Amino acid sequence: MKKSRITVHPSFIIGEISPKLFGAFLEPIGKMVNGSMYNPKHPTADEMGLRHDFIDGLRSAALPSVRLPGGNFVSGWNWKDSIGPKEQRKVRLDLAWHQFIPNDVGHDEYLRWAEMTGAEAMYTVNLGTGTLSDAADIVEYTNFAGGSWWSDLRAANGHPEPYGVKVWYLGNEMDGPWQIASWEKDPRGYGILAHETSKAMKFIDPTVRTAACVSSSPFLSHYPDWDRQVLEECYETVDMISMHHYHSAPVGNIAGLLAGYQAFEDYIRTEIGLCDYVKAKHRLRRTMMLSFDEYGSMMRPAGKASLGMCGRMPEQTFYRFDPEQTYVRHDPDNWDDMRKWPAGAGEMTRTLGTCTVLLTLLRHADRVKIGCATGGLGDLCASDREHVWRGAAYYPFTQMMRFAGGTSLQAVTDCDHYNVEGYAIDDMNQYAGFENAAYVQSAAAVSADGTEMAVFILNADWEDEGEFTLDTRGFAGWRFEEHLTMFSDNPEARNTFENPNVLVPVRVKDTVCEKGICSAILPKLSWNVFRFTKA
């Protein structure tokens, strides 16, 4: 049985935790919009066709923020086609996902839906086929109080008060060869456009914050120099950089899945280094923050791969033109036509993959101020055609929302480590391997009022439970409240509407905490939370 030890101390401060660290991402692919969010035939649907069982589920989960409406989709979407009476809206082709966009869910529906869920909407503007003028117009329509063409049109369309959107993304993955109107070949051109667009937005609403795109994948051959060139042009007027990464491991490779946090760590550290380099070079005082607004960690089947390319494949790979390609018109009431995600691993294992990223973001809370899980809406409110329920990932997500609301602390971890050999999923997603991956991953937080402290722990050991010691002697006089754990001996276990409590946290009765030292057994492949309060 492996042994591990974690030490936390109130002096080991990382930085302030933003509530938006535990947000989600929304794009009209799959069933997250056409099916879960929007289905006018659902019994709970309102006059806009929005499902209120899904809204109520997200509200009860206290979803803090959501980035919308995309995604690759947004680089070819004209928001002006999506406002006003539905019968007058334009049906367009979505070149990114080869689907019809009838604009039944438009700009106002997205923002009103966010209001109903209680989440802060963070909006992505089109800087692919869109222009600076389009971006300025959308801020005027969305945030300006009244008396102008666009603000008065918003009122006429049923929302007299400004929406007050404060976070705006200046395009989506603008370096990606797959992106509509990509700026892959002109990073300085995109940097200048981001700079000027950010200025125009802030001239209309000086309270907004903007985020510029950096490399949408650390696998791309122009990473990280593309990022540097962008930042050279826009650092002075934008507030954050927008980062995306999807880590994949072959089906059955649990070690690779749970070691993938190292890829996120490397990406974050590289971007921090680039930001600080540009700050120093231009003798600027403001520190750039990070928004990790698309992420996922999953298992998926390995396909054909040209080994050793690691993203350096010909750009034509991303835009092969298939004469058999067809466009799909999605029916939100028909779940048979949904975009199917590759299967792989049980729900508990998939949940742990997400937790590895959540812990990583929390460990970098001083610089990462926004996190948007791509599967976050489904994690917080699982759904099918008829029902909603709580999946396994609901619990770690909401525990971190509730117990990580103040200051991030270092959790100094002493544990065994393991190595993972390199592997390839496809030409782009290739990993050279992971060295010294921790069996025990952790993060810690103390509440804003200084009365609660929590330590979050993931035991990545897929073979055995482990002996664990938690040293909290630096919190003299604090009281141990509980040790919660979630795990399953059944790799196929999952929560469903009929059986929603298959995977839930339970209180561990055998954990002992004396004189600031806690002793516990961590089940294999488990999620754990240790809670303390100030006496």
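Quantities reported herein were computed from a predicted structural model and do not represent experimental measurements.
No donor-acceptor contact under 3.5 angstrom links the side chains of R154 and S151, judged on distance only.
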From CA spacing to verdict: ring-ring contact (aromatic ring centres under 6.0 Å, His included), F530, F456: CA-CA 7 Å; F530 288 76; F456 308 95; over 10 Å; no

Evaluate ring-ring contact (aromatic ring centres under 6.0 Å, His included) for Y123 paired with W168, printing each intermediate quantity in order. CA-CA 5 Å; Y123 209 97; W168 294 85; 5.4 Å; yes

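Checked by atom type and distance alone, the side chain of S18 pairs as donor or acceptor with a backbone atom of K20 at under 3.5 Å. Formation of a donor-acceptor pair under 3.5 Å by the H364 side chain with backbone atoms of L362 is not found in this model. Remark: the backbone N or O of V33 is not paired with any side-chain donor or acceptor of S36 at under 3.5 angstrom. With hydrogens and angles ignored, the 3.5 Å screen pairs no side-chain donor or acceptor of T237 with any backbone N or O of S198. The backbone N or O of D134 lies less than 3.5 Å from a partner atom in the side chain of T131, making a donor-acceptor pair.
Figure legend: R67 and Y169 shown as a cation-pi pair, the cationic atom lying under 6.0 angstrom from the six-membered ring centre and within 45 degrees of its axis.
Counting heavy atoms from C-beta outward, W226 and V230 have side chains that approach closer than 4.5 Å. Side-chain contact between H282 and E236: absent, with no pair of heavy atoms (C-beta onward) separated by less than 4.5 Å.
Listed by first and then second residue, the side chain to side chain donor-acceptor pair (under 3.5 Å) pairs that reach into residues 440-450 are T413-S442, S447-D449, D449-T451, sequence neighbours excluded.
Ion pairing between D225 and R228 holds under the 4.0 Å rule for side-chain N and carboxylate O.
Within a 6.0 Å radius of CZ in R473, no more than 12 heavy atoms belonging to other residues, nucleotides or ligands are found. R494 CZ: 12 or fewer foreign heavy atoms inside a 6.0 Å radius.
Aromatic pair Y261/H247: centroids not less than 6.0 angstrom apart. Aromatic rings from Y163 and F144 are positioned such that their centres are separated by 6.0 Å or more. W178 and W97 have their aromatic ring centers separated by at least 6.0 angstrom.
Taking NE2 from H195 and CG from L132, the interatomic distance works out to 10.5 Å, rounded to the nearest 0.5 Å. To the nearest 0.5 Å, atom SG of residue C381 and atom CG of residue L58 are 5.0 Å apart.
Partner of M240 under the side chain to side chain contact (heavy atoms under 4.5 Å, CB included) criterion, out of L170, D293, I370, V368: I370 alone.
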